[in-house]
Colleague: 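First the structure, then my questions, so here it is.
Ligands are counted one by one from 1 in listed order, and the atoms in each one are counted from 1 as well.
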Amino acid sequence: MKLLEKIQLGSLALKNRMVMSAMTRSRADQNGIVGDLTVQYYTQRVSAGLIFTEAIRISEEATGSPLTPGIYTSDQIGAWKKVTQSVHDHGGLIIAQLWHTGRVGHSIDRNGKLPLAPSALPIQGMQHFTSQGIKDYETPLEITIDEIRQTIKDYGQAAKNAIEAGFDGVELHAANGYLPSQFLAESANQRTDEYGGSIPNKARFVLEVMQELISAVGGDRVGIKISPFHPYGNMILDNPAASYTYLVEQLNKLNFAYVELMKRSPFFPSPAHYPADDEIELFGSMIQQTVIANAGYDKASGEAELEKGVAKLISFGTLFLANPDLPERFKSDAPLNEPDRATMFGGGAAGYVDYPFLL
Ligand SMILES: Cc1cc2nc3c(=O)[nH]c(=O)nc-3n(C[C@H](O)[C@H](O)[C@H](O)COP(=O)(O)O)c2cc1C
């Protein structure tokens, strides 16, 4: 089975091609510090060839949702050290996913401050989970050029902090409607300066952040997650194929390890003007870096995707959430535990560290 074959990814030697994708679990404390349950949760999943952490806030300003972890204070970094140490002691590899939520946030969980975004355009047709319940999205503030420069520096510092915390690398979360992807979408970016207007201008932020990450920690420890046709977070692009083709062409000029390419989900239908192409075929075949395919894969479809040859690894989200020993289950064709949606975000041990292993 290809999924269980070894592979080299940048400087990392992976024992198999099954990656655990990033999943927010909202179990940090009020100060964004992860605890012993988080150490246990990631350690339980070391049979993955590589683990991506849940999205981690690069700064206080990057905050969108309650109880999500950060990597900008010494206490946060110290807490992550316990996670990376334990994962490494048990033979695993773990990369930190770096997160700025942009307009996907609420002032309730931002000390009363409105979120910053490319333009003052609120998310339509969705609501936000806050510490005071579900709320409508607010109109964000347009991020200034100085704030953009500071944000790019914050990404670089967060990447250095991640390496200090013992992570094996960093992944830029440029998927799912958060700040980097907001810059690419006309539904969130109507700027008239060098970060808006033309496709190259709208791609500038993502490319500058990637350059910052590469210079901060070295390209072989850097990757990016993108979701070109996934409209989650009200990401509507006029011409998503053209925008992401340009982005991929420019990313190809940079020296880094991988692109995690997330396909659209059947639960979030694309706007009518979007192309029907399969994202792995369309963009994956253009990408120079190693491609990790994501979204909706199981054993059979993951194996079939690897057989096609474009993607070299598959990342699994919910299947790893519910099956800490997923590679072993694939190997022995064992039944899978079902994920419990009620305990995905927030809470304690239940639905976090109590999914059973095979006996
Ligand atoms: C509970 C939960 C939290 C998630 N949080 C994140 C996240 O923090 N960062 C991210 O890039 N994707 C996040 N995702 C998306 C997953 O990484 C993945 O892309 C998605 O679940 C599709 O893969 P799957 O079909 O294998 O589950 C989350 C998904 C779930 C179910």
Colleague: Filter on ring pair (Phe, Tyr, Trp, His ring centres under 6.0 Å), then keep only pairs touching residues 323-359, sequence neighbours left out; what's left?
Modeller: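 Listed once each, the pairs are Y41-Y352, F316-F330.
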Colleague: With rounding to the nearest 0.5 angstrom, report the CG to CG distance, N337 to L358.
Modeller: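 Answer rounded to 0.5 Å: 8.0 Å.
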Colleague: Atom NZ of residue position K153 - does it have more than 12 heavy atoms of other residues, nucleotides or ligands inside 6.0 Å?
Modeller: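 No.
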Colleague: Checking F52 now: which residues fulfil ring pair (Phe, Tyr, Trp, His ring centres under 6.0 Å) with it, not counting sequence neighbours?
Modeller: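 If we apply the ring pair (Phe, Tyr, Trp, His ring centres under 6.0 Å) test to F52, skipping adjacent residues, the hits are Y258.
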Colleague: As a test of reading the model: which residues have a non-hydrogen atom less than 4.0 Å away from ligand 1?
Modeller: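 Within the 4.0 Å shell of ligand 1, which is judged on heavy atoms, sit S21, A22, M23, T24, A55, Q97, H173, N176, K225, M262, N294, A295, G296, F316, G317, T318, M344, F345.
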Colleague: Report the C-alpha distance between D36 and K82 in whole Å, list the side-chain angles of each, state the deciding distance to 0.1 Å, and finish with yes or no for salt bridge (Lys or Arg N to Asp or Glu O under 4.0 Å).
Modeller: CA-CA 8 Å; D36 293 344; K82 293 184 193 161; 5.0 Å; no
Colleague: Only counting residues at least two apart or in another chain, list the ones meeting ring pair (Phe, Tyr, Trp, His ring centres under 6.0 Å) with Y274.
Modeller: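 Listed in chain order: F229.
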